[in-house]
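Note sheet for the following structure.
Indexing begins at 1, ligand by ligand and atom by atom, following the structure's order. We're numbering straight along the sequence, starting at 1.
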Amino acid sequence: MKLQYGRVIQDGLDGTHGLPRRRLDELARRFGAIQAEVRERREAGEYGFYGLARQENTVRQIAAFAEGLGQAHDHVLVLGIGGSALGARALLSALRPPAWNELDDEAREFFPRLTLLDNVDPTSVAAALRRIDPRRVLVNVISKSGGTAETLAQYLVVRKWLDDALGGAASRHLVFTTDPERGALRELATSEGIATLEVPPDVGGRFSVLSPVGLLPAALVGIDIAALVAGAARAVATAEEGDLLKNPAALFAALHWAADTQLGARVHVVMPYSDRLRDVAEWFRQLWAESLGKRVDREGQVVHTGPTPVASVGATDQHSQVQLFMEGPFDKLITFVTVADPGEDVLIPVLEGMPEEVACLGGRTLGELLQAEYEATSAALAQMGRMNSTIALSDLAAQSVGELLMFFQLATGYAGCWYGVNPFDQPGVELGKRLTFGALGRVGYEPPAPPLDADADTA
Ligand code: PA5
């Protein structure tokens, strides 16, 4: 994995925009203090996700557990939201063939189908339960706190559906992934003898993709979770490098922070040129937003800081957002993700009589076209003075995906220090959770305040 950052620097752009090269030297000089802070905080137990790169025993246990369960069920239904859902979705899209649930048993190598519900939209939940056979399903309920309203509501609906179909056998179709001690799910598991996996207490939701939160669903559909974790270990090893320019995760963080705070580039786009990485971009969006968007800094000063992450996909969004990226405000840093060997390619046939202006497509491959689209977009943006960098992956094997996911988490950990905020809390999300329970009338919880304006319903 490489981070190509030349087009973030002024002399790699139009000579006017971008970070002056001397700024890069300043960042490199300050990096020693940033790295020391990360190390100190790691020792104090804050950066628990680093430990997910060293968990051979857990990986073996999850793989064995999944093998038994996977053989007994042909559908996995995952219930969760936010950090308890986005990672599993990213792994499934990146590492299993597209349209997984539409493939027959043989094409899926007899691994189960997987449906992930990360909302309480009644139409999606009802449709999923109509589609799935409760006799053949394994339901993995994922919630670190064990008390998130959406996930618990999903659970109650699904539990009744299981009870109605299976009676006393329902609990054998359930696995909870939750905190080892606290929360409603843990209580339910203990009282009903439901199987559980533990979310390590020092790993927060959005940093948990490489914990049992992401690893169990991944292993159930046949993803090589040992390779994923090995990739993550590679990223952690690289992130120990003391020279900023040889430490891609730290460099990603430093460049984004400097672009935001010095050049006003507070919109951070991640744009893979790969459909399989679309959900990785969505996962990154949550990681970056929830970790860095904060009201107060580490000192308790009100700062209202944080970049706005945007998920995009090439070449699709060249026809949707790229006009804005090229000519709109100079408020963005765009990171492309490219994959040298996508594992499959399709020849564009040569057809007699094709008009000359499009005839050059014939005889090339779709992969070549995608690569050309990326190169052209990156170069055109640079010509327009628009900062862009590229994460270049060699392939989309489990190891590379594990490395990429850990890379983004490490970058977020470093970015927390550059921004001076705690990347591991989410008081804003917690407030919304409390007010939701208040709105539902839970004793001891305030309901949300009514809107200031009267309803403008003129019908
Ligand atoms: O990253 C986070 O902490 C959040 O996005 C949580 O993952 C999300 O709110 C769900 O929480 P829980 O796993 O406790 O149900």
Verdict with supporting geometry, Thr178 and Ser143, side chain to side chain donor-acceptor pair (under 3.5 Å): CA-CA 5 Å; Thr178 191; Ser143 172; 5.3 Å; no
Can you tell me which residue and heavy atom of the protein come closest to [atom], and the distance to 0.1 Å?
atom	result
atom 11 (O) of ligand 1	Lys433 NZ, 3.3 Å
atom 8 (C) of ligand 1	Ile81 O, 3.7 Å
atom 5 (O) of ligand 1	Gln286 NE2, 2.6 Å
atom 14 (O) of ligand 1	Ser145 OG, 2.7 Å
atom 2 (C) of ligand 1	Glu290 OE1, 3.2 Å

Geometric class of the His73/His173 ring pair [parallel <30°, tilted 30-60°, perpendicular >60°]: perpendicular
Parallel, tilted or perpendicular, as decided by the 30° and 60° cut-offs, for the rings of Phe408 and Phe252: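 Perpendicular, since the angle between the ring planes exceeds 60°.
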Ligand 1 atoms in contact with [X] (distance to a heavy atom under 4.0 Å):
X	answer
Ser143	12 (P), 13 (O), 14 (O), 15 (O)
Ser84	7 (O), 12 (P), 13 (O)
Gly83	5 (O), 6 (C), 7 (O)
Arg206	1 (O), 2 (C), 3 (O)

Tyr47-Phe424 aromatic ring centre distance below 6.0 Å: yes
Non-hydrogen atom of Glu150 closer than 4.0 Å to ligand 1: no
For Trp257, the option from Tyr414, Trp418, Phe31 that meets ring pair (Phe, Tyr, Trp, His ring centres under 6.0 Å):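 Between Trp257 and the candidates, ring pair (Phe, Tyr, Trp, His ring centres under 6.0 Å) is satisfied uniquely by Trp418.
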Check: Pro112 and Leu138 side chains under 4.5 Å, non-hydrogen atoms: no
Salt bridge (Lys or Arg N to Asp or Glu O under 4.0 Å) assessment of Lys160 paired with Asp163: CA-CA 5 Å; Lys160 176 158 188 339; Asp163 285 343; over 6 Å; no
